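The residues of the chain are indexed from 1 along the displayed sequence. Just so you know, these numbers come straight off a predicted model, no measurement behind them.
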Amino acid sequence: MSRALETFTVAHAGLRLRVRLMSSHVEVERAYRAGRRRRDGLYIHAFFAPTKSQSARHGGPIVLAGNGRLKELVPHEVPHAVIHKLGGGVLTDDEPLATAVGILTARILTRIERLGYAI
């Protein structure tokens, strides 16, 4: 995976996420596709890569571009991580999901802002 500008961890309710800030969406794309370009010319601007191991310390990394649309991309990627943690099933009570998404998103954005990136 490409080298990140910043890497940090956020946690809530037993879910730990590693967050990797890349320099640009080109670097995010390179990390996601191992350098292979998409045929349609579009780029991946952010992604969540779930861990396959139940014993892993983190639920997986969320990879973002430090110069990207963070207010849009962070709230998009966090639900992927929370749903993965909850087993990927259909929820009858979505309050824990909404709470986890809100708290983890706020923690990621706060940390990115403290690192000096525009939100």
Side-chain angles (χ1 to χ4, degrees):
M1 203 177 263
S2 299
R3 182 177 162 94
L5 294 172
E6 308 282 352
T7 302
F8 58 90
T9 301
V10 295
H12 172 72
L15 173 58
R16 293 172 53 85
L17 296 174
R18 172 81 64 198
V19 179
R20 299 182 75 228
L21 282 179
M22 310 303 280
S23 62
S24 69
H25 70 275
V26 175
E27 288 300 314
V28 172
E29 174 75 17
R30 187 172 289 132
Y32 183 77
R33 300 207 178 272
R36 296 183 309 271
R37 289 194 58 151
R38 290 171 59 151
R39 290 183 194 163
D40 58 13
L42 300 175
Y43 284 96
I44 300 294
H45 290 266
F47 66 92
F48 168 68
T51 57
K52 294 182 173 114
S53 168
Q54 294 293 348
S55 62
R57 287 189 63 187
H58 300 93
I62 290 179
V63 181
L64 305 160
N67 66 347
R69 302 175 321 266
L70 296 170
K71 286 182 181 178
E72 173 188 343
L73 297 172
V74 171
H76 174 90
E77 296 305 328
V78 170
H80 293 304
V82 174
I83 290 168
H84 174 71
K85 168 69 174 171
L86 296 175
V90 177
L91 301 174
T92 56
D93 177 12
D94 65 355
E95 196 57 35
L97 173 92
T99 299
V101 168
I103 290 171
L104 289 167
T105 299
R107 288 180 182 171
I108 290 170
L109 293 174
T110 297
R111 187 70 174 268
I112 289 170
E113 196 170 45
R114 283 185 191 151
L115 290 167
Y117 296 87
I119 300 295

Once you round to the nearest 0.5 Å, how far does CD of Glu6 lie from CZ of Arg20?
11.5 Å

Give the minimum heavy-atom separation between Ala81 and Leu17, together with the two atoms involved.
CB-CD2, 3.5 Å

Pairwise side-chain contact, Thr51 with His84, heavy-atom cut-off 4.5 Å (strictly under):
yes

Cluster question for you: counting only ILVMFWY and a side-chain heavy-atom cut-off of under 4.5 Å, with indirect links fine, are Val74 and Ile103 together?
no

Just how far is it from atom CD1 of Ile62 to atom CZ of Arg18, taken to the nearest 0.5 Å?
12.5 Å

Min side-chain heavy-atom separation His45-Val28 under 4.5 Å
no

Got a donor-acceptor contact below 3.5 angstrom from the Arg107 side chain to the Ala11 backbone?
yes

First locate atom CZ of Phe47, then atom CZ of Arg33, and finally report the distance between them rounded to the nearest 0.5 Å.
10.0 Å

Under 3.5 Å, side-chain donor or acceptor atoms of residues 108-119 against the rest of the protein: list the pairs with distances, not counting sequence neighbours.
residue : atom : partner : partner atom : Å
Thr110  : OG1  : Ala106  : O            : 2.8

Sequence neighbours excluded, which residues qualify as side-chain hydrogen bond (donor to acceptor under 3.5 Å, both in side chains) partners of His12?
none

Hey, could you give me the CG/CD distance between Leu21 and Glu27, rounded to the nearest 0.5 Å?
12.5 Å

Determine the minimum heavy-atom distance between Ala46 and Glu77, stating which atoms define it.
O-OE2, 3.4 Å

Result block: side-chain N/O donor-acceptor pairs under 3.5 angstrom for residues 65-73, not counting sequence neighbours:
residue : atom : partner : partner atom : Å
Arg69   : NE   : Glu72   : OE1          : 2.8
Arg69   : NH2  : Glu72   : OE2          : 3.3

